[in-house]
**Student:** 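A single structure is presented below for examination.
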Amino acid sequence: WACLIWERIGIAREMDHGVQDNNFTVNGAKEVGVDLSLTELLAICVAENDRRLGAYDPRLRRPRVVPFIARLALRMVGRGKTSPARA
């Protein structure tokens, strides 16, 4: 887990410096003409996670770690700076 988290942090840091990465989520959006900031991407991912899992019985187990980290990151970078409904 630590290695994966460190790798993801490195990808996020390099986004602002224009470094190329083979990360489809980040680079794929640019290929279809959508320019997203990290904050916008996180907000869209959290909203989509909530939308998709909202249809299932709440008693079922759900992913918790990654959505928690995404929400924490949104709070830290200031979610109010961008609009998640841009897509």
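Quick caveat: nothing in here was measured; it's all calculated off a predicted structure.
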**Student:** Could I get the full list of side chain to side chain donor-acceptor pair (under 3.5 Å) partners for Arg52, not counting sequence neighbours?
**Tutor:** Glu48

**Student:** Donor-acceptor check, side chain of Arg8 to backbone of Cys3, threshold 3.5 angstrom: yes or no?
**Tutor:** no

**Student:** Take atom CZ of Arg62 as the centre, draw a 6.0 Å sphere, and report whether it contains more than 12 heavy atoms from other residues, nucleotides or ligands.
**Tutor:** yes

**Student:** With Glu7, which residues qualify under side chain to side chain contact (heavy atoms under 4.5 Å, CB included), at least two apart?
**Tutor:** Ile11

**Student:** Atom CD1 of Ile69 and atom CG of Leu74: how far apart are they, to the nearest 0.5 Å?
**Tutor:** 12.5 Å

**Student:** Checking side-chain contact (heavy atoms from CB on, under 4.5 Å) against Pro67, which of Val46, Asn49, Asp50 comes through?
**Tutor:** Asn49

**Student:** Taking ILVMFWY side chains as joined if any heavy atoms are under 4.5 angstrom apart, and letting links pass through other members, which residues group with Ile5?
**Tutor:** Ile9

**Student:** Treating Ile, Leu, Val, Met, Phe, Trp and Tyr as nodes and any side-chain heavy-atom pair under 4.5 angstrom as an edge, say whether Leu60 and Leu53 lie in one connected cluster.
**Tutor:** yes

